[in-house]
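Quick note: numbers below take in every heavy atom, side chains included, and nothing from hydrogens, waters or symmetry partners.
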Amino acid sequence: MQYDDVVLGRRSIRGFKREPVPKDVIRDVMALAMRAPSSLNTQPWNFYVVTGEPLDRIRAGNTERNLAGVPESRESRGHGAYEGVHRERQIEIAKQLFAVMGIDRHDVEKRKDWVLRGFRQFDAPVSIVVTYDRSIHGGDIGPFDCGGVTNALVNAAWSRGLGCVINSQGIMQSPVVREHAGITDDQVIMICVAMGYPDNDFPANAVVSRRKSVDEAVVFVGFED
């Protein structure tokens, strides 16, 4: 693929084939992703690539704690509920997804199952947990760099025929993830990415989110008209 094909073609994948992803393919994707820039070349990121029984245990633990009403315990800072235009965009994509999945706004069971899919890592065959070194915890640069490498990761995966969705629900119960992924204490859990081969029959995979235009997002300073 050309670079433009990757960036313009990529979308979040929420339904996956059961087909396993070969380890050497994942290594290739990770090598590409880790070319992402970082502050002063510090490369604070690390990755725990989880599949098989350990991932099934994470799915089960996340689901059980969620259904039991255990409060979330993510290690990266949240921001509270979205408001204003950010909330509008959140609602817009939810409406798109619910429409193609046939989930009525009053269908409590289907809506609940959709939420639980996130805690199950969207039933993907692979989950990549992105962490950074605890020695730099408390600043914003480490998490910023993790965002950059995660963007590179999902694009690299798409270029290799794989789909991903960046999944904050998957790390809301961080003790479960830390235990079953074997994440050491010197790492802070930032985010996880569900990965696998896209199931083209899964309706939500056809959804493409609307993006802000350049005119909405960009301020040009010092340029002549």
Side-chain angles (χ1 to χ4, degrees), residues 1-17 19-51 76 85-86 89-90 92-93 96-97 100 118 121-122 124-132 140-171 190-225:
M1 292 186 185
Q2 297 296 315
Y3 180 75
D4 286 13
D5 297 329
V6 174
V7 173
L8 297 175
R10 190 210 62 82
R11 57 192 180 276
S12 292
I13 297 300
R14 297 174 173 87
F16 300 88
K17 295 179 181 179
E19 181 181 347
V21 182
K23 186 177 179 181
D24 61 341
V25 174
I26 300 174
R27 289 184 66 91
D28 180 39
V29 167
M30 301 308 300
L32 278 177
M34 291 168 61
R35 294 299 304 168
S38 64
S39 176
L40 303 176
N41 196 37
T42 50
Q43 304 176 62
W45 50 66
N46 287 293
F47 309 91
Y48 292 75
V49 183
V50 191
T51 192
S76 55
V85 68
H86 305 102
R89 294 190 189 110
Q90 180 186 23
E92 179 183 27
I93 190 63
Q96 287 180 265
L97 291 168
V100 298
Q121 315 280 336
F122 291 90
V126 176
S127 177
I128 300 176
V129 186
V130 184
T131 71
Y132 64 89
D140 292 327
I141 298 300
F144 178 86
D145 287 344
C146 285
V149 79
T150 301
N151 175 70
L153 169 59
V154 299
N155 281 330
W158 189 262
S159 78
R160 296 301 190 264
L162 292 162
C164 297
V165 62
I166 300 172
N167 179 22
S168 62
Q169 288 171 301
I171 49 85
M190 182 69 210
I191 197 69
C192 69
V193 178
M195 174 190 286
Y197 293 105
D199 178 357
N200 292 327
D201 294 327
F202 190 75
N205 288 348
V207 171
V208 178
S209 58
R210 184 184 68 83
R211 295 308 171 109
K212 294 164 67 173
S213 69
V214 172
D215 288 339
E216 289 178 283
V218 178
V219 177
F220 290 99
V221 180
F223 290 84
E224 295 188 13
D225 292 338

For residues 1-17, dump all side-chain donor-acceptor pairs below 3.5 Å to protein atoms at least two apart in sequence or in another chain.
unit_1 : atom_1 : unit_2 : atom_2 : d
D5     : OD2    : Q2     : N      : 3.3
R11    : NE     : N205   : O      : 2.5

Non-neighbouring partners of D140 that pass side-chain contact (heavy atoms from CB on, under 4.5 Å), sequence neighbours left out: R77
Within the 4.5 Å heavy-atom criterion, are P125 and E19 side-chain neighbours or not? no
To the nearest 0.5 Å, tell me how far I128 CD1 sits from T51 OG1. 10.5 Å
Residues 195-225 vs ring-ring contact (aromatic ring centres under 6.0 Å, His included), sequence neighbours excluded, gives F220-F223
CD on Q121 to CE on M195, rounded to 0.5 Å: 12.5 Å
Non-neighbouring partners of Q96 that pass side chain to side chain donor-acceptor pair (under 3.5 Å), sequence neighbours left out: none
Identify every side-chain donor-acceptor pair in residues 21-37 under 3.5 Å, counting partners at least two apart or on other chains, and give the distances.
unit_1 : atom_1 : unit_2 : atom_2 : d
D28    : OD2    : R160   : NE     : 2.6
D28    : OD2    : R160   : NH2    : 3.4

Which residue pairs satisfy the side chain to side chain donor-acceptor pair (under 3.5 Å) criterion with at least one member in residues 212-224, sequence neighbours excluded? S213-E216
Kindly write out the residues that satisfy side-chain contact (heavy atoms from CB on, under 4.5 Å) with V219, not counting sequence neighbours, or none if the list is empty. V221
With sequence neighbours left out, the residues meeting side-chain contact (heavy atoms from CB on, under 4.5 Å) with P203 are V100, M101
Without swapping roles, check the side chain of N167 against the backbone of G118 for a donor-acceptor pair under 3.5 Å. yes
Could you list the residues that satisfy side chain to side chain donor-acceptor pair (under 3.5 Å) with T42, not counting sequence neighbours? none
Would you give the length of the straight line joining atom SG of C192 to atom OH of Y48, rounded to the nearest 0.5 angstrom? 14.5 Å
Shortest non-hydrogen contact from W158 toward G163: CE3-CA, 4.3 Å
Only counting residues at least two apart or in another chain, list the ones meeting salt bridge (Lys or Arg N to Asp or Glu O under 4.0 Å) with D201. none
What is the minimum heavy-atom distance between Q43 and S38, and which atoms define it? N-OG, 3.0 Å
Roughly how far, to the nearest 0.5 Å, is CD1 of I191 from SG of C146? 10.0 Å
Got a sec, which pairs hit salt bridge (charged side-chain N to carboxylate O under 4.0 Å, His left out) with one end in residues 141-151, sequence neighbours left out? none
Quick one: closest heavy-atom pair of I93 and S209, and the distance? CD1-CB, 3.7 Å
Output all residues satisfying side chain to side chain donor-acceptor pair (under 3.5 Å) with N46, sequence neighbours left out; order by chain, then residue number. D133, Q187
Rounded to the nearest 0.5 Å, what's the gap from OG1 on T131 to CZ on F47? Could you check? 8.0 Å
